[in-house]
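Chain letters run A, B, ... following the sequence lines, proteins first and then strands; every chain starts at 1. Predicted model only: the values in this text are computed from it and were never measured. Both backbone and side-chain heavy atoms feed into the values below; hydrogens, waters and symmetry mates do not.
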Amino acid sequence: MCMLKVDDLNVYYGKIHALKGVSFDVNEGEIVSLIGANGAGKSTTLKTISGLLRSKTGGVTFMGEDISKIDAYKLVEKGLAHVPEGRRIFLQMSVMENLEMGAYIKGKADKADIESVFEKFPRLKERKNQVAGTLSGGEQQMLAMGRALMSHPKLLMLDEPSMGLAPILVEQIFEIIKELNDAGTTILLVEQNAEMALEVSDRAYVIESGRVSLSGTGEELRNSDTIKKAYLGG
Amino acid sequence: MDFLSNLISGLSLGSIYALIALGYTMVYGIAKMLNFAHGDIIMVGAFTIIVSISTCGLPVWVALILSVVMCTVLGVVTERVAYKPLRKSEPLTVLITAIGVSYLLQNLALLIFGSSQKSFPSIFDISSVHIGDLSMSGESVVTLAVTIIIMIALSLFINKTRAGKAMRAVSEDKEAAELMGISVNKTISLTFAIGSALAAVAGVFYGATYGFIGPYTGSMPGIKAFVAAVFGGIGSIPGAMIGGLLLGVLESLSKAYISTELSDAIVFASLIVVLLVKPTGLLGKVIKEKV
Ligand SMILES: Nc1ncnc2c1ncn2[C@@H]1O[C@H](COP(=O)(O)OP(=O)(O)O)[C@@H](O)[C@H]1O
Ligand SMILES: [Mg+2]
């Protein structure tokens, strides 16, 4: 079943034409990646899906509903969670308060939900009363993901979760992405780390200067010569 | 004992500044704008009391409620009409608009009430309080007590409630807050509502302390409260409280021991000194993101 359908997005920043007709879809239960160089338009795509930016044409359909005109803050309730590039956790709030904000739409954060985030990310439990600004980069990424999970998303969008992390932490983050997917969460992943992304993905789209230039299964793209040259270092 | 009573009248004056400064600092924290019309809300609140009690003969408690409601609505409407359409504009555009709103409110008051000062009804029928040689005016005691209660309540609201935490989230990162399901527009409205309600309370105490209200009454306490907010670190709620109280005490002690004429100059000079030593104000902080 098609969970997310992105159709012909044209997004502008003033005069800059950042997305030039981007279309793709994500089926329920899949991990789909968007890969591409810096500045290709990956983050812009995610922001348009989550309602932070608007497309001039086309639209976004989520679970059969046209969401392209709905305010960003109303989409969380529909089951969409977006972990933005650079984590964007609330640095002056405690780890616990960040998780509570993740459960904002639920009113009060569910104890069991908090426990399940702590189970996935034990480091967060040790630091639950610490101000988030004092966490390390890896811990901040874990908090950003944990915070998004508090709303029980059907579709989790992750924008460069491995950015700036040590290789061991990158492995860990990808492990968790796979676990979340096994537990039933559909995932739309944006990555510059194409190798890791293609390995965990069912399907992937390559974005190049605002357009989808290639698509296929993770396997196909990993074996494609173009991809090998451009994104996998040979 | 002279020093102590000067200190207490300073704290009471400082309470008024603190109540106004809280509005400045909360709005700055959330909407990243300096609402220069904030001082004039005090004047509107005070005139509401005058009209309710002196003209319409309403009981004091009704007048107090009306004044808070009037200011809250005015604050929210001003934001919706004047500032919200400029959410994505240059800060300078917003600042000039705020100054325009300030003139608009002053001139409306001028049109309705004329330029002469109107006397403020005596609403706190409390005699002075004496402890040993120390004598405090009833207004001072009430002002100080009410302000302390408001500060405690506000701190609890901001730090412990869901809406208060959402406010802090919006003040840190609007986009991220929106992605949590928090409506930034509603949060900004709530902030203006709280700030303006506090200004109404400040207007009541200001009127009760000075006894007269005119169309321009709001501008001086408004500017001093702004100084207090910057002094304490703009955007910081405890900073606005401490900044307001310090400023009041400084003003009152300068008047008593240095010079009445120079007291304002001393207040503003002290701001410059604080900002030279600590550019973010007393409690202003800068947190850097880690990679
Ligand atoms: N806030 C912005 N203002 C202007 N241009 C922007 C803004 N954000 C992104 N862009 C431009 O849009 C294009 C796509 O950016 P982005 O979606 O962030 O790329 P990616 O996430 O793939 O690195 C880039 O050319 C970038 O310079
Ligand atoms: Mg990006």
**Student:** Distance to the ring centre below 6.0 angstrom and angle to the axis at most 45 degrees; does that hold for B:R80 and B:F192?
**Tutor:**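 Cation-pi check for B:R80 and B:F192: fails.
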**Student:** Between B:V184, B:L179, B:N159, which residue shows the highest count of heavy-atom pairs closer than 4.5 Å to chain A?
**Tutor:**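 Ranked by contacts with chain A, first place is B:L179.
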**Student:** Tell me, side chain or backbone of A:L52 under 4.5 Å from chain B's heavy atoms, or both, or neither?
**Tutor:**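 Just the side chain, heavy atoms under 4.5 Å.
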**Student:** For A:N10 and A:T57, which I'm curious about, is there any donor-acceptor pair between the side chains at under 3.5 Å?
**Tutor:**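 Indeed, the side chains of A:N10 and A:T57 share at least one donor-acceptor pair under 3.5 Å.
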**Student:** Is it true that A:K125 and A:E115 make a salt bridge, defined as a side-chain N closer than 4.0 Å to a carboxylate O?
**Tutor:**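 A:E115 and A:K125: salt-bridged.
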**Student:** With a 4.5 angstrom heavy-atom cut-off, could you sort out which part of B:N185 is near chain A: side chain, backbone, both or neither?
**Tutor:**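 Contact with chain A involves no heavy atom of B:N185 at all.
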**Student:** Check this for me: A:F90, atom CZ, are more than 12 non-hydrogen atoms of other residues, nucleotides or ligands nearer than 6.0 Å?
**Tutor:**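 More than 12 heavy atoms, drawn from other residues, nucleotides or ligands, come within 6.0 Å of this atom.
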**Student:** Any residues in residues 66-83 of chain A near chain B, with a heavy-atom distance under 4.5 Å, and which are they?
**Tutor:**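 If one takes a 4.5 Å heavy-atom cut-off, the residues of residues 66-83 of chain A near chain B are A:A72, A:Y73, A:V76, A:H82.
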**Student:** Would you mind checking which part of B:E178 comes under 4.5 Å of any heavy atom in chain A, side chain (CB onward), backbone (N, CA, C, O), both or neither?
**Tutor:**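 Both parts, backbone and side chain.
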**Student:** Report yes if the side chains of A:L158 and A:I177 come closer than 4.5 Å at any heavy-atom pair, otherwise no.
**Tutor:**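 Side-chain contact under 4.5 Å: yes.
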**Student:** Measure B:K174 against the heavy atoms of chain A and call it side chain, backbone, both or neither at under 4.5 Å.
**Tutor:**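 It is neither, since no heavy atom gets under 4.5 Å.
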**Student:** Taking the cut-offs as 6.0 angstrom to the six-membered ring centre and 45 degrees off its axis, would you call A:K5 and A:F62 a cation-pi pair?
**Tutor:**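 The answer is no, since A:K5 fails at least one limit relative to A:F62.
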**Student:** Is it true that, when you exclude B:Y103 itself, more than 12 heavy atoms of the residues, nucleotides or ligands shown sit nearer than 6.0 Å to its OH?
**Tutor:**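 Result for OH/B:Y103: open.
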**Student:** In terms of heavy-atom pairs under 4.5 Å, which option from A:E97, A:K108, A:E100, A:K47 contacts chain B the most?
**Tutor:**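 Looking at each option in turn, the highest pair count goes to A:E97.
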**Student:** Looking at A:Y104, is B:R162 sitting on its ring face, NZ or CZ under 6.0 Å from the six-membered ring centre and within 45 degrees of the normal?
**Tutor:**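 Yes, B:R162 lies over the aromatic ring of A:Y104.
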**Student:** Does A:E175 pair with A:K178 as a salt bridge, N-O distance under 4.0 Å?
**Tutor:**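 Yes, this pair counts.
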**Student:** Among A:M150, A:Q141, A:M93, which has the most heavy-atom pairs under 4.5 Å with chain B?
**Tutor:**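 Top option by heavy-atom pairs under 4.5 Å: A:M93.
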